[in-house]
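The shown structure was predicted, so the numbers you read here are calculated from the model rather than taken from an experiment. No hydrogens, no waters, no symmetry mates; every other heavy atom, side chains included, goes into these values. We number each residue from 1, following the sequence as shown.
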Amino acid sequence: MLKQGLQLVVIDLRATENSQEIFETLNARGTPLTAADLIKNFVFQRLDAEGADTQKVYREDWPFERSFWEHEISVGRLLMSRSSLFLNQWLTSRTAAEVSTKQTFALFKHYVEHGTSSTMSELLREIKQQADLYERWTLAASGPDRELSCVEMCFYRMHASGVEVLKPILLWLHEPGRELPQAVIDQVVRTVESWLVRRMLLRLSLSNMGRVVADVIRVHRSTEPEVLGKQVADYVARLRVSTTYWPGDLEVIQALQFENAYRRYPRARLRMFLEAVEDDYRSRFDAGQVSRRAYPIEHLLPQRWQVHWPVDGLAAEVERDQHVHRMGNLTLITESLNSSVSNGPWLGERGKWAKLSTYDVLLMNRRVREVSQEGWDENLIDERTTAMAGALLRTWPVPDGHVGQILDAPVTEAADVAVKQLVAADLLTPGVELVARGQWAGATAVVTETGLLRVGDSQFGTPSGAAKHVSGRFSNGWMFWRLPDGRRLADVRTAFRAGASNHEGG
């Protein structure tokens, strides 16, 4: 089978022909190689021209042949080899320009030919030195029980968050010959990590951060070490547009008070936030970092609370539902609870409060047990959310007096609203008939006392579900249904949001 499927191509070259150039031409007409493959070809073509012992250089200075570097990394919607990603980030650190993944080879070639006075042999030794460092950081960050340095923890947090954007700055800070004091490096890393994480906490766009990272490198290339940390912090603090600004304390605290953290944050990112809270608590006792073993995230007030945690009235149900996924109701445990405990009562011999004693190696659980011996409710969730927000702000601080002012208004995703919230707020009356729009104008949906929409014999929890039942296709239910007075259901939702905003603003 192998003999039948195997084809060999032999190319005879004259003495004046360059095998590396032919390799590059063949690749352009066939299956594309990775950026690292193209750069490798170019590097050894240059080394050959310099008269270097290419076999010796390949053995000693080309670092990218091991499986570590062949591993594919997800970058947005793209998958690329770790070697190609590293070379892209290294190039940003050297050129102080945001480098598209598609441009990596072309810009590497341009940098070597026009952007540096180093020989290829010298440059490759520097690349290897930084690649080895990058590998050590990555492997250290993957160790769940070791104490991580500031840079290693930054690598871990970027991996947990699914982002790569700060790595060019880390490479720039460790460029051979810079020899920055470790305290200066740590100060800069904490600044840019705070900028990144606070934007993630608010679920703000990260799309323009690569450009700012390149600008930080460009502006501070020749900054003296003794003022580098402060000047980088001042630079980031001066960002004033919604796509790049550094959020202040008050904005983060206010957002976390109402954020459905469990639903809004990717799970690994949320776990990283909870680990940071635990590490903040541990830092006061010099207890060391929490293990990063992908511990399960547990709801203190269960997601299915109705059986063992009943409340009186629709308004109370809405209030309880709104607290289930908030930060203050979430914790880490070292192993998953069985469903009977997870969804069971708080107190009692087999209740969740007693079971948490098994996990009080985590200080966040010890604190919960201390304040909840008589029960767990919305007030305690709010208090714990505030305390956890404080821990997050201490982990990722901003300069004194920084408030995160912006000159343009950010576009934010509207908070979820349920029909039962409109009923609880007396904006919809149980029993009112909503009328469908357009060609379905004869169809009606009755608002029930529990905030459902009844269409014939069927009940729906969302306006869109009821609209799809009537129209047979997906429809925006908030626009589909109208009240008897002609208002759209969306108009009622807008009135509810306006009232909630006024209430939150005091």
*Write out all pairs satisfying ring pair (Phe, Tyr, Trp, His ring centres under 6.0 Å) with one or both partners inside residues 310-336, taking only residues at least two apart or from two chains.*
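Residue pairs with at least one partner in residues 310-336: Tyr262-His325, His299-His325.
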Side chains of [X] and [Y] only: does a donor on one sit below 3.5 Å from an acceptor on the other?
X: Gln130; Y: Trp90; answer: yes
X: Ser207; Y: Ser205; answer: yes
X: Tyr295; Y: Glu275; answer: no
X: Asn379; Y: Glu383; answer: no
X: Gln289; Y: Tyr156; answer: no
X: Thr395; Y: Asp280; answer: no
X: Ser93; Y: Glu175; answer: no

Grab the two heavy atoms, one from [X] and one from [Y], that are nearest each other, plus how far apart they are.
X: Asp279; Y: Gly288; result: OD1-O, 4.3 Å
X: Ala466; Y: Val455; result: CB-CG2, 4.0 Å
X: Ser372; Y: Trp353; result: OG-CD1, 3.2 Å
X: Leu166; Y: Val213; result: CD2-CG2, 4.2 Å
X: Gly328; Y: Thr385; result: N-OG1, 2.9 Å
X: Leu206; Y: Val163; result: CD1-CG1, 3.8 Å

*Does a side-chain heavy-atom distance below 4.5 Å link Lys352 with Pro345?*
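Lys352 vs Pro345: side chains apart.
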_Pairing residues for Arg293 by the salt bridge (charged side-chain N to carboxylate O under 4.0 Å, His left out) criterion, not counting sequence neighbours_ =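 Listed in chain order: Asp145.
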*Cation-pi check, Arg240 to Tyr245: give yes when NZ or CZ is under 6.0 Å from the six-membered ring centre and within 45° of the ring axis, no otherwise.*
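No; the conditions do not both hold, so Arg240 does not lie above the ring face of Tyr245.
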*asked:* I want to check a possible cation-pi pair here: Arg488 against Trp478, using under 6.0 Å from ring centre and within 45° of the ring axis as the test.
replied: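 Judged by the rule, Arg488 and Trp478 form no cation-pi pair.
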*Show your reasoning for whether side chain to side chain contact (heavy atoms under 4.5 Å, CB included) applies to Met200 and Ser161.*
CA-CA 9 Å; Met200 291 194 296; Ser161 301; 3.3 Å; yes
Holding to side chain to side chain donor-acceptor pair (under 3.5 Å), I want the full list of residues that pass it with [X], two or more places apart in sequence or in another chain.
X: Arg282; value: Glu278
X: Ser340; value: Asn338
X: Ser283; value: none
X: Gln257; value: Thr386

_Assess whether a salt bridge exists between Glu152 and Arg136, defined as any Lys/Arg side-chain N lying under 4.0 Å from an Asp/Glu carboxylate O._
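The answer is no: the pair does not qualify as a salt bridge.
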*Taking NZ, NE, NH1 and NH2 as the nitrogens, is one of them in Glu378 or Arg320 under 4.0 Å from a carboxylate oxygen of the other?*
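Yes.
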For residues 300-313, dump all side-chain donor-acceptor pairs below 3.5 Å to protein atoms at least two apart in sequence or in another chain.
from, atom 1, to, atom 2, distance (Å)
Trp305, NE1, Asp321, OD1, 3.0
Trp309, NE1, Gly344, O, 2.9

*Provide the full list of salt bridge (charged side-chain N to carboxylate O under 4.0 Å, His left out) pairs with a residue in residues 324-350, sequence neighbours left out, each pair given once.*
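Applying salt bridge (charged side-chain N to carboxylate O under 4.0 Å, His left out) to every pair that reaches into residues 324-350, excluding sequence neighbours, yields Arg326-Asp382.
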*Please list all pairs passing the salt bridge (charged side-chain N to carboxylate O under 4.0 Å, His left out) test where one or both residues lie in residues 160-170, with sequence neighbours left out.*
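As it turns out, the salt bridge (charged side-chain N to carboxylate O under 4.0 Å, His left out) pairs with a partner in residues 160-170, which skip direct neighbours, are Glu164-Lys167.
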*Working for salt bridge (charged side-chain N to carboxylate O under 4.0 Å, His left out), residues Arg82 and Glu135*: CA-CA 10 Å; Arg82 183 180 273 127; Glu135 182 175 358; over 6 Å; no
*Sort out for me which residue in Leu270, Val277, Ile381 forms a side-chain contact (heavy atoms from CB on, under 4.5 Å) with Met327.*
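In the set Leu270, Val277, Ile381, the residue that makes a side-chain contact (heavy atoms from CB on, under 4.5 Å) with Met327 is Leu270.
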*Determine which pairs satisfy side-chain hydrogen bond (donor to acceptor under 3.5 Å, both in side chains) with at least one residue from residues 222-231, sequence neighbours left out, and list them in order.*
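For residues 222-231, and leaving out neighbouring residues, the side-chain hydrogen bond (donor to acceptor under 3.5 Å, both in side chains) pairs sorted by first residue read Lys230-Asp234.
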*Going through the checks in order, is the salt bridge (charged side-chain N to carboxylate O under 4.0 Å, His left out) test met by Glu126 and Arg94?*
CA-CA 11 Å; Glu126 292 183 3; Arg94 286 300 178 100; 2.7 Å; yes
Donor-acceptor pairs under 3.5 angstrom involving side-chain atoms of residues 189-198: please list them, not counting sequence neighbours.
from, atom 1, to, atom 2, distance (Å)
Thr191, OG1, Gln187, O, 3.1
Glu193, OE2, Arg157, NH1, 2.7
Glu193, OE2, Trp396, NE1, 2.6
Ser194, OG, Trp246, NE1, 3.1
Ser194, OG, Trp396, O, 3.2
Ser194, OG, Pro397, O, 2.8
Trp195, NE1, Thr244, O, 2.7
Arg198, NE, Trp396, O, 2.7
Arg198, NH1, Pro247, O, 3.1
Arg198, NH1, Asp249, OD1, 2.9
Arg198, NH2, Asp249, OD1, 2.8
Arg198, NH2, Trp396, O, 2.8

Quick check for you: to the nearest 0.5 Å, what is the distance between [X] atom [atom1] and [Y] atom [atom2]?
X: Met80; Y: Asn88; atom1: CE; atom2: CG; result: 5.5 Å
X: His220; Y: Leu173; atom1: NE2; atom2: CG; result: 11.0 Å
X: Leu87; Y: Ile127; atom1: CG; atom2: CD1; result: 6.5 Å
X: Thr494; Y: Arg487; atom1: OG1; atom2: CZ; result: 11.0 Å

*Assess whether atom NE2 of His159 is packed by more than 12 heavy atoms of other residues, nucleotides or ligands within 6.0 Å.*
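It does not: His159 NE2 has 12 such atoms or fewer within range.
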*Take atom CD of Glu72 as the centre, draw a 6.0 Å sphere, and report whether it contains more than 12 heavy atoms from other residues, nucleotides or ligands.*
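Yes, enclosed.
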*Would you mind telling me which of Phe68, Phe64, Trp137 makes a ring-ring contact (aromatic ring centres under 6.0 Å, His included) with Phe86?*
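So, applying the ring-ring contact (aromatic ring centres under 6.0 Å, His included) to Phe86 and each of Phe68, Phe64, Trp137, only Phe64 qualifies.
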*I would like to know whether Ser464 and Thr462 meet side-chain hydrogen bond (donor to acceptor under 3.5 Å, both in side chains); could you show each step before the answer?*
CA-CA 5 Å; Ser464 295; Thr462 66; 5.3 Å; no
_side chain to side chain contact (heavy atoms under 4.5 Å, CB included) between Leu332 and Tyr359, intermediate numbers included_ = CA-CA 9 Å; Leu332 295 174; Tyr359 309 107; over 6 Å; no
*asked:* Go through it in stages, so that I can follow the logic: the residues are Leu239 and Val212, the test is side chain to side chain contact (heavy atoms under 4.5 Å, CB included), and I'd like the CA-CA distance, side-chain angles, deciding distance and then a yes or no.
replied: CA-CA 9 Å; Leu239 298 172; Val212 177; 3.9 Å; yes
*Go through the structure and list residues passing side-chain contact (heavy atoms from CB on, under 4.5 Å) with Ala387, not counting sequence neighbours.*
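If we apply the side-chain contact (heavy atoms from CB on, under 4.5 Å) test to Ala387, skipping adjacent residues, the hits are Tyr281.
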